[in-house]
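Only heavy atoms go into these numbers, but all of them, side chains included; no hydrogens, no water, no symmetry mates.
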Amino acid sequence: MEDNVSRVKQDTLAFFDKRRELYPLYESFESKIIKEYPVSKIKVQKTQITLSNRHIFACISFMRPLKKSELPSSYFVITLGLPYPLDSGRAAVKTEPYPGRWTTHIIISSQEELNDELYGWVRQAYEFAENK
């Protein structure tokens with residue numbers, strides 16, 4: 001188990017290699033998720049980090065959901081799978097890939113954006129994924 005934790009940490013650091021300034025922000029998000037949902041699995045891939053229980057409930061990536069001029073200079077995107085379209089100005093993009101599942105991209109560029117509102121949406125995504 002310890003080896004796996006170490007491996008995920010190394011892979012995560014490599015994922016943030018070209019955007020090191022964002023790693024502490026991500027680390028803050030991840031630690032809150034692990035504390036709230038200790039059975040969560042984290043998988044680091046080339047283009048995203050996935051968080052799952054029975055199914056994926058959140059992804060972290062550097063995708064560009066808006067025009068470059070509309071984005072902060074440094075950010076990552078949290079993508080959540082929800083059972084409804086998120087009615088918030090914080091939702092950069094929301095799509096319904098199939099009936100009853102909405103994929104929502106939220107841009108994160110500061111610690112203040114990791115707030116109760118965001119974690120409430122994460123909880124809903126976690127429960128939606130768990131109960132599918």
Side-chain angles (χ1 to χ4, degrees):
M1 177 79 171
E2 189 65 34
D3 282 348
N4 188 43
V5 170
S6 176
R7 176 71 178 173
V8 168
K9 177 85 164 177
Q10 285 179 321
D11 291 348
T12 303
L13 286 168
F15 182 81
F16 281 93
D17 187 50
K18 293 183 179 164
R19 298 176 189 207
R20 291 182 188 264
E21 74 282 3
L22 292 169
Y23 180 73
L25 192 57
Y26 168 77
E27 194 173 39
S28 177
F29 174 76
E30 181 190 274
S31 66
K32 171 88 171 175
I33 296 305
I34 297 305
K35 182 179 176 190
E36 293 290 318
Y37 315 106
V39 298
S40 295
K41 298 174 203 80
I42 299 172
K43 182 177 180 183
V44 182
Q45 299 165 291
K46 186 174 181 170
T47 60
Q48 69 182 19
I49 298 172
T50 58
L51 294 96
S52 61
N53 46 36
R54 287 186 55 209
H55 301 282
I56 295 171
F57 65 89
C59 297
I60 309 303
S61 70
F62 299 119
M63 70 179 293
R64 187 169 13 146
L66 301 171
K67 294 177 186 172
K68 190 174 181 178
S69 63
E70 298 173 311
L71 292 165
S73 59
S74 186
Y75 69 93
F76 62 82
V77 174
I78 297 175
T79 301
L80 301 174
L82 295 167
Y84 62 91
L86 186 61
D87 185 22
S88 170
R90 292 184 66 186
V93 175
K94 49 191 167 189
T95 59
E96 188 178 24
Y98 57 87
R101 179 180 169 82
W102 287 83
T103 301
T104 304
H105 305 294
I106 302 163
I107 298 165
I108 303 296
S109 62
S110 71
Q111 189 67 42
E112 293 75 35
E113 292 167 325
L114 299 178
N115 58 21
D116 290 343
E117 179 180 51
L118 174 72
Y119 291 117
W121 298 330
V122 171
R123 173 174 296 282
Q124 291 172 38
Y126 181 90
E127 291 170 357
F128 182 55
E130 183 68 24
N131 295 315
K132 279 204 273 189

(message) Heavy-atom count check: over 12 atoms from other residues, nucleotides or ligands less than 6.0 Å from D87 CG?
(response) no

(request) Would you check if W121 and I106 make a side-chain contact, meaning some heavy-atom pair closer than 4.5 Å? (result) yes

(request) State yes or no: do L114 and L51 share one hydrophobic cluster built from I, L, V, M, F, W and Y residues joined by side-chain heavy-atom distances below 4.5 Å, directly or via other members? (result) yes

(message) Main chain of L86, side chain of K94: is a donor-acceptor contact present, judged purely on distance under 3.5 Å?
(response) yes

(request) Given side chain to side chain contact (heavy atoms under 4.5 Å, CB included), test E27 with K9 step by step and report yes or no. (result) CA-CA 10 Å; E27 194 173 39; K9 177 85 164 177; 2.8 Å; yes

(message) Could you measure the distance from the CZ atom of F29 to the CD1 atom of I108? Nearest 0.5 Å is fine.
(response) 7.5 Å

(request) Could you tell me whether the side chains of E36 and Y126 share a donor-acceptor contact shorter than 3.5 Å? (result) no

(message) Measuring from atom CD1 of I42 to atom CZ of R7, what distance do you get when rounded to the nearest 0.5 angstrom?
(response) 14.5 Å

(message) What I'd like to find out is whether the side chain of V8 reaches to under 4.5 Å of the side chain of D11, using heavy atoms alone.
(response) no

(message) Do R19 and F62 form a cation-pi contact, if we require the NZ or CZ to be under 6.0 Å from the six-membered ring centre and within 45 degrees of the ring's axis?
(response) yes

(message) With heavy-atom distances below 4.5 Å as the criterion, would you say the side chains of W102 and L80 are in contact?
(response) no

(request) Mark yes or no for whether Q124, through its side chain, and F128, through its backbone, hold a donor-acceptor pair below 3.5 Å. (result) no

(message) Do L118 and R90 have side chains that approach each other closer than 4.5 Å (heavy atoms only, starting at C-beta)?
(response) yes

(message) With a 4.5 Å cut-off on side-chain heavy atoms, are Y75 and R64 touching?
(response) yes

(message) If I take atom CD1 from residue I49 and atom NZ from residue K43, how far apart are they, to the nearest 0.5 angstrom?
(response) 12.5 Å

(message) To the closest 0.5 Å, what do you measure between CD1 (I78) and SG (C59)?
(response) 10.5 Å

(request) Please round to the nearest 0.5 Å and tell me the distance separating atom CD of E21 and atom CZ of F16. (result) 9.5 Å

(message) Under a 3.5 Å distance rule, please check whether E30 uses its side chain to pair with a backbone N or O of Y26 as donor and acceptor.
(response) no

(message) I need the T79 OG1 to F57 CZ distance, nearest 0.5 Å.
(response) 12.5 Å

(message) Counting only heavy atoms not in D17 (residues, nucleotides, ligands), do more than 12 fall under 6.0 Å from its CG?
(response) yes

(request) May I ask you to decide if P24's main-chain N or O and S28's side chain share a donor-acceptor pair within less than 3.5 Å? (result) no

